[in-house]
Structure formats: C-alpha cells, structure tokens
Chemist: 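For reference, the structure I am asking about is given below.
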Amino acid sequence: MDNILEKFSLKGKVALVTGASYGIGLSIASGLAEAGATICFNDINQDLVDKGIENYKDLGINAYGYVCDVTNEKEVKELVNKIEKDLNGIDILINNAGIIKRIPMVEMDVEDFRKVIDVDLTAPFIVSKAVLPYMIKNNSGKIINICSMMSELGRETVSAYAAAKGGLKMLTKNICSEYGSYNIQCNGIGPGYIATPQTAPLREDGHPFNSFIISKTPAKRWGDAEDLKGAAVFLASSASDFVNGHILYVDGGILAYIGQQQQ
Ligand code: NAP
Ligand code: GCO
C-alpha cells in the first residue's frame with residue numbers, strides 16, 4: 001500500500017501550465033514542481049517567456065518555456081508536438097491563461113466579448129483537444145481548468161468573463177463525461193479573489209471593491225496565489241483519481257457566505 005503522501009507525488013510527470021509566466025499560473029506551476037513534476041509553460045511573446053524562465057529560475061525551477069497564443073489552434077498543436085519531442089507527452093494540463101474586460105454590457109463591443117470568450121473558453125477547448133490523444137493512448141491524464149467565482153456568480157461589467165467561466169465549468173464536466181473511461185480526470189479550480197496583476201485595478205488604494213471583497217470573504221482577506229498550490233497538486237495527483245468533473249473552490253468561503261448586515 002502506497003504511503004498516502006506518495007499519492008500526492010508528481011515525480012516523472014510532465015505538466016503544461018498555460019499563460020504561466022507570472023500570476024496564478026506561476027504559483028500553481030511552482031507547486032506542481034515542488035511535488036516533482038517537470039514544468040512547461042507558454043506565453044504570447046518571447047519577452048514574457050524569457051521573463052517567465054527567470055521567474056522559475058528564481059524559484060529554483062528549470063522550466064521549459066514556449067511562445068504560443070492559446071487561441072491559435074495551429075500554434076497550440078505545434079506547442080504540444082514540441083513538448084512531446086522535448087520531453088514526452090503531457091500528463092497534466094492546467095488551462096490557466098485568461099483575460100478579463102470590465103465593461104458595462106451595453107457599452108461592450110461584440111469584439112471585446114468574443115476576445116474574452118476566445119481566451120477563457122475556446123482556448124481551453126483547443127488545448128485540451130490537443131493533449132487528449134496522448135492521454136487516451138496512455139490511459140491516464142489530468143486536466144485542470146481555472147474557473148472562477150464567476151463560474152457561479154455574476155456581477156456588473158464582467159458579462160463576457162462570467163459567460164466564459166460558466167462555460168468553462170460545463171466544459172470541465174463534459175470532458176469528465178466523455179473521457180473519464182480512459183482514466184482521465186478533468187476538474188476545475190475556482191479561485192476566489194486573488195492578488196495578481198489581473199485584480200490589481202480592484203485593489204488600488206481606496207477602491208471600494210477592495211473593502212467590499214474583504215467584507216464578503218469569511219477569511220477577511222484577498223487570496224494569495226500560494227493559496228491555490230495545494231488544490232492544484234491534489235487534483236494533478238493520483239490522490240484525486242476518483243474525483244472527476246468537480247470544481248474545487250479555493251475562495252476563503254465567499255460562495256458560502258451571504259454577507260454581514262450593515263452595522
Ligand atoms: P494574469 O495575472 O492576468 O495572468 C494571465 C496570464 O495569461 C498571463 O501570463 C497572460 O499573458 C496569459 N495569457 C493571456 N492571454 C493569453 C493567450 N492568448 N495565450 C497565452 N497566454 C495568455 O491573471 P491571473 O490573475 O494570474 O489569472 C490566471 C487565471 O486565473 C485566469 O484564467 C483568470 O481568469 C483566473 N482567475 C483569476 C482570479 C484572480 O482573482 N486573480 C480569480 C479566479 C480566476 P500576457 O501577460 O502575455 O497577456
Ligand atoms: C472581477 C475579478 C474576478 C476575479 C475572479 C474571481 O472583476 O470580478 O477580476 O472576476 O478575477 O475571477 O474568482
């Protein structure tokens with residue numbers, strides 16, 4: 001019988017974390033590396049990839065960085081082929097790359113809406129479709145989609161993002177349904193409000209959203225990208241081999257909490 005901690009080991013596994021030069025992706029990738037995985041990541045230009053490689057080196061991680069726009073199916077297929085040549089197939093995929101546009105719906109250009117859907121929903125489809133053949137052949141694989149509070153809740157100005165993240169929740173359940181018989185587990189992580197460049201505008205001094213989120217979070221703080229590492233290692237490891245189609249919310253309790261009455 002394996003020691004239970006062995007079940008969380010990722011030794012010998014190759015992980016691709018998309019959009020992971022910094023932010024949540026970098027943190028999740030570093031957690032997977034600490035558990036033994038070999039890390040591959042991509043970003044949309046060489047400068048960011050080079051900066052990402054330095055960021056990983058600073059963490060003591062020898063990561064493989066590639067230029068790839070995850071919305072471009074040709075580039076994604078080339079990326080997966082390169083990784084398969086450099087390292088072998090991809091055992092763990094983290095669909096992390098994402099954007100947000102905070103614009104009132106009636107003022108949002110349809111092109112802005114389409115761009116968010118393209119990066120946050122269509123790209124996870126494209127990348128998952130590219131890595132599944134190896135996982136099917138291998139009869140083993142882990143796909144983790146980075147969902148959101150907006151997979152469950154709406155709010156002003158984030159119509160495209162909420163539509164994408166809601167769709168990503170259901171894409172997660174569908175990949176589980178379609179490929180679970182090949183010992184492939186597809187789950188999601190739903191971060192709460194995490195302090196990264198994506199939320200920096202909401203955390204500026206005096207921004208009302210800053211105190212609002214702290215009041216809506218039972219933990220009474222913004223999340224740190226480090227808070228996501230444990231959930232990622234769990235869902236990427238054999239410790240979660242019978243967990244499938246599940247969205248694991250790492251949100252400090254936001255989704256459980258109706259909020260405190262005005263004092
Ligand atoms: P971030 O700081 O904005 O980082 C997003 C990353 O995705 C960047 O490296 C970005 O690269 C990359 N990216 C964007 N478009 C891409 C494309 N077409 N191809 C390849 N890479 C692309 O965001 P984050 O806060 O770390 O969020 C990471 C993920 O977590 C996103 O899916 C986000 O929706 C989700 N999330 C975030 C929070 C939060 O509170 N921060 C909470 C829940 C979920 P560039 O810099 O080159 O654009
Ligand atoms: C926003 C924030 C959120 C976070 C995250 C919450 O404008 O509401 O950017 O959407 O990014 O998705 O889970």
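These figures come from a predicted structure and were not determined experimentally. What's counted below: heavy atoms across the whole structure, side chains too, no hydrogens, waters or symmetry copies. All residue numbers refer to positions in the sequence shown, counting from 1. Read the numbers this way: they start at 1 and go in the same order the structure lists the ligands and their atoms.
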Chemist: Side chains of Glu84 and Asn88: any donor to acceptor distance under 3.5 Å?
Modeler: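 Their side chains do not contain a donor-acceptor pair, so the 3.5 Å distance test is not met.
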Chemist: Can you find a non-hydrogen atom of Gly192 under 4.0 Å from ligand 1?
Modeler: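 Yes; Gly192 lies near enough to ligand 1 that a heavy-atom distance drops under 4.0 Å.
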Chemist: Between Leu93, Asp86, Ile39, Leu87, which is the residue that forms a side-chain contact (heavy atoms from CB on, under 4.5 Å) with Val14?
Modeler: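 For Val14, the side-chain contact (heavy atoms from CB on, under 4.5 Å) test succeeds with only one of Leu93, Asp86, Ile39, Leu87, which is Leu87.
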Chemist: Report, in ascending order of atom number, the atoms of ligand 1 lying under 4.0 Å from any heavy atom of Pro191.
Modeler: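 What qualifies from ligand 1 is 42 (C), 43 (C), 44 (C).
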Chemist: Show me which atoms of ligand 1 lie under 4.0 Å from any heavy atom of Leu48.
Modeler: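 Here the atoms of ligand 1 in question are 45 (P), 46 (O), 47 (O).
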Chemist: In terms of residue, atom name and distance, what is the protein heavy atom nearest to atom 46 (O) of ligand 1?
Modeler: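 For atom 46 (O) of ligand 1, the nearest protein heavy atom is Tyr22 OH, 2.3 Å.
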Chemist: For ligand 1, which part of Val119 has a heavy atom less than 4.0 Å away: the side chain, the backbone, both, or neither?
Modeler: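 Side chain only.
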Chemist: Just wondering, are more than 12 heavy atoms of other shown residues or ligands nearer than 6.0 Å to OH in Tyr182?
Modeler: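 For Tyr182, atom OH is not crowded (no more than 12 foreign heavy atoms under 6.0 Å).
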Chemist: For Gly192, is at least one N or O under 3.5 Å away from an N or O on ligand 2?
Modeler: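 Gly192 vs ligand 2: N/O contact under 3.5 Å present.
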Chemist: Within a strict 4.5 Å, meaning less than it, do heavy atoms of the Lys229 and Ser30 side chains meet?
Modeler: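 Contact flag for Lys229/Ser30 side chains = yes.
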Chemist: Check ligand 1 against Tyr193 and write out every atom of the ligand that is under 4.0 Å from a heavy-atom position of the residue.
Modeler: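 It comes down to these atoms of ligand 1: 40 (O).
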Chemist: Looking at Asp43, is its backbone amide N or carbonyl O close enough to the side chain of Ser21 to form a donor-acceptor pair, meaning the two atoms are under 3.5 Å apart?
Modeler: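 No, because the side chain of Ser21 does not come within donor-acceptor range (under 3.5 Å) of the backbone of Asp43.
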Chemist: Is it the case that Tyr179 and Asn244 place a side-chain donor and acceptor less than 3.5 Å from each other?
Modeler: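 Short answer, no.
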Chemist: From the options Ala20, Gly223, Cys147, select the one whose nearest heavy atom is closest to atom 44 (C) of ligand 1.
Modeler: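 Considering heavy atoms of Ala20, Gly223, Cys147, the nearest to atom 44 (C) of ligand 1 sits in Cys147.
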Chemist: Considering only protein heavy atoms, which is closest to atom 11 (O) of ligand 1, and at what distance to one decimal place?
Modeler: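 For atom 11 (O) of ligand 1, the nearest protein heavy atom comes out as Asp43 OD1, 2.8 Å.
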Chemist: State whether the side chain of Thr172 and the backbone N or O of Asn145 hold a donor-acceptor pair below 3.5 Å, judged by distance alone.
Modeler: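 Side chain of Thr172 to backbone of Asn145: no pair is present.
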Chemist: Of the protein's non-hydrogen atoms, which lies at the shortest distance from atom 10 (O) of ligand 2, and what is that distance?
Modeler: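 Closest protein heavy atom to atom 10 (O) of ligand 2: Tyr161 CE2, 3.2 Å.
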Chemist: Of the non-hydrogen atoms in Asn45 and Leu48, which two are nearest, and what is the gap between them?
Modeler: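 For Asn45 versus Leu48, the nearest heavy atoms are OD1-N, 2.8 Å.
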Chemist: By number and element, which atoms of ligand 1 are closer than 4.0 Å to a non-hydrogen atom of Gly23?
Modeler: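 Every atom of ligand 1 under 4.0 Å from some heavy atom of Gly23: 26 (O).
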Chemist: Is Trp222 close enough to touch ligand 1? Criterion: a residue heavy atom under 4.0 Å from a ligand atom.
Modeler: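 For ligand 1, residue contact (heavy atoms, under 4.0 Å) with Trp222 is absent.
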Chemist: If you measure from each heavy atom of Lys165 to ligand 1, is any distance below 4.0 Å?
Modeler: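 It does, in that a heavy atom of Lys165 comes within the 4.0 Å cut-off of ligand 1.
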Chemist: Any side-chain heavy atom of Leu248 within less than 4.5 Å of one from Asn187?
Modeler: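 The answer is no; the side chains never approach within 4.5 Å.
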Chemist: Number the atoms of ligand 1 from 1 as they appear, then name those within less than 4.0 Å of a heavy atom of Tyr161, with their elements.
Modeler: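 Those qualifying, in numeric order: 33 (C), 34 (O), 35 (C), 36 (N), 44 (C).
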Chemist: Assess whether atom NZ of Lys13 is packed by more than 12 heavy atoms of other residues, nucleotides or ligands within 6.0 Å.
Modeler: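 No.
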Chemist: Quick one: does Asn138's side chain have a donor or acceptor within less than 3.5 Å of a partner on Tyr134's backbone?
Modeler: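 Between the backbone of Tyr134 and the side chain of Asn138 there is no qualifying donor-acceptor contact (under 3.5 Å).
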Chemist: For ligand 2, indicate whether the residue Leu202 contacts it via side chain, backbone, both or neither (heavy-atom separation under 4.0 Å).
Modeler: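 Only the side chain of Leu202 comes within reach of ligand 2.
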Chemist: Identify the closest protein heavy atom to atom 8 (O) of ligand 2: which residue and atom is it, and at what distance?
Modeler: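 Minimum-distance protein heavy atom for atom 8 (O) of ligand 2 reads Arg155 NE, 2.6 Å.
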Chemist: Measuring from Asn62:CG to Ile53:CD1, what's the distance to the nearest 0.5 Å?
Modeler: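 Between Asn62 CG and Ile53 CD1, I get 8.5 Å after rounding to 0.5 Å.
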Chemist: Under a 4.0 Å N-O cut-off, is there an ion pair linking Lys216 with Asp251?
Modeler: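 Here Lys216 does not pair with Asp251 in a salt bridge, since their nearest N and O are not under 4.0 Å apart.
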Chemist: Heavy-atom pairs closer than 4.0 Å: do any link ligand 1 to the side chain of Ile99, the backbone, both, or neither?
Modeler: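 It is the side chain that gets close, since no backbone atom is under 4.0 Å.
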Chemist: Any ion pair linking Glu111 and Lys115 (charged N to carboxylate O, less than 4.0 Å)?
Modeler: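 No salt bridge links Lys115 with Glu111.
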Chemist: Any idea which protein heavy atom is nearest atom 5 (C) of ligand 1, and the distance to it?
Modeler: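 Sorting protein heavy atoms by distance from atom 5 (C) of ligand 1 puts Gly98 O, 3.6 Å first.
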Chemist: Of the side chain and backbone of Ile24, name the one, both, or neither that has a heavy atom under 4.0 Å from an atom of ligand 1.
Modeler: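 Under 4.0 Å from ligand 1, Ile24 contributes backbone and side-chain atoms.
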Chemist: Tell me, which protein residue and heavy-atom name are nearest atom 22 (C) of ligand 1, and how many Å apart are they?
Modeler: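 I find the closest protein heavy atom is Ala97 CB, 3.7 Å.
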Chemist: Starting from atom 6 (C) of ligand 1, find the nearest protein heavy-atom neighbour and note its residue, name and distance.
Modeler: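 Among all protein heavy atoms, the one nearest atom 6 (C) of ligand 1 is Gly19 O, 3.3 Å.
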Chemist: I'd like the name of whichever of Ile194, Thr196, Asp47, Ile28 reaches closest to atom 25 (O) of ligand 1 through any heavy atom.
Modeler: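 The option holding the nearest heavy atom is Thr196.
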Chemist: Are Glu54 and Lys57 ion-paired here, with the side-chain N under 4.0 Å from a carboxylate O?
Modeler: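 A salt bridge is present here (some side-chain N lies under 4.0 Å from a carboxylate O).
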Chemist: Please state which protein non-hydrogen atom is closest to atom 7 (O) of ligand 2 and give its distance, to 0.1 Å?
Modeler: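 Of the protein heavy atoms, Arg102 NE, 2.6 Å lies nearest.
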Chemist: Check the pair Asp227, Arg221 against salt bridge (charged side-chain N to carboxylate O under 4.0 Å, His left out), reporting the backbone distance first and the verdict last.
Modeler: CA-CA 12 Å; Asp227 290 318; Arg221 67 175 175 88; 2.9 Å; yes
Chemist: Taking NZ, NE, NH1 and NH2 as the nitrogens, is one of them in Glu73 or Lys129 under 4.0 Å from a carboxylate oxygen of the other?
Modeler: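 A salt bridge is present here (some side-chain N lies under 4.0 Å from a carboxylate O).
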Chemist: Enumerate the atoms of ligand 2 whose separation from the nearest heavy atom of Ser148 is less than 4.0 angstrom.
Modeler: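 Taking each heavy atom of Ser148 in turn, ligand 2 has 5 (C), 6 (C), 12 (O), 13 (O) under 4.0 Å.
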Chemist: With distance as the sole criterion, is a donor-acceptor pair present between the side chains of Asn95 and Ser128 under 3.5 Å?
Modeler: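 Ser128 and Asn95 do have a side-chain donor-acceptor pair below 3.5 Å.
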Chemist: As an exercise, identify every atom of ligand 2 less than 4.0 angstrom from a heavy atom of Met150.
Modeler: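 By the 4.0 Å cutoff, the relevant atoms are 10 (O).
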Chemist: Indicate, as side chain, backbone, both or neither, the part of Ile100 found under 4.0 angstrom from ligand 2 when only non-hydrogen atoms are considered.
Modeler: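 Near ligand 2, Ile100 shows its side chain, while the N, CA, C and O stay back.
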Chemist: For atom 23 (O) of ligand 1, which protein heavy atom lies nearest, and how many Å away is it?
Modeler: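 Its nearest protein heavy-atom neighbour is Gln198 CB, 3.5 Å.
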Chemist: What do you reckon, does Pro191 have a nitrogen or oxygen under 3.5 Å from a nitrogen or oxygen of ligand 2?
Modeler: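 Yes: some nitrogen or oxygen of Pro191 is under 3.5 Å from one in ligand 2.
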Chemist: Suppose I only count heavy atoms of Thr199 and a 4.0 Å limit; which atoms of ligand 1 are within that range?
Modeler: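 Matching atoms, with element in brackets: 39 (C), 40 (O), 41 (N).
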Chemist: With a 4.0 Å cut-off on heavy atoms, does Cys68 reach ligand 1?
Modeler: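 Cys68: in contact with ligand 1 (<4.0 Å).
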Chemist: Ignoring hydrogens, what is the shortest heavy-atom contact between Leu235 and Lys142? Give both atom names and the distance.
Modeler: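 Closest heavy-atom pair between Leu235 and Lys142: O-CD, 3.3 Å.
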Chemist: Considering only heavy atoms of Asp69, which atoms of ligand 1 have at least one such atom less than 4.0 Å away?
Modeler: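 Taking each heavy atom of Asp69 in turn, ligand 1 has 17 (C), 18 (N), 19 (N) under 4.0 Å.
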Chemist: As an exercise, identify every atom of ligand 1 less than 4.0 angstrom from a heavy atom of Asn42.
Modeler: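 The list of qualifying atoms is 20 (C).
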Chemist: Nearest heavy atom to atom 32 (O) of ligand 1 wins, so pick from Asn96, Ile146, Ile44.
Modeler: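 The residue whose heavy atom sits nearest atom 32 (O) of ligand 1 is Asn96.
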Chemist: Considering only the protein, which heavy-atom contact is closest to atom 11 (O) of ligand 2, and what is its distance?
Modeler: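 Protein heavy atom at minimum distance: Gln198 OE1, 2.7 Å.
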Chemist: I need the nearest protein heavy-atom contact for atom 3 (C) of ligand 2: residue, atom name and distance, please.
Modeler: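 In this structure, atom 3 (C) of ligand 2 has Tyr193 CE2, 3.3 Å as its nearest protein heavy atom.
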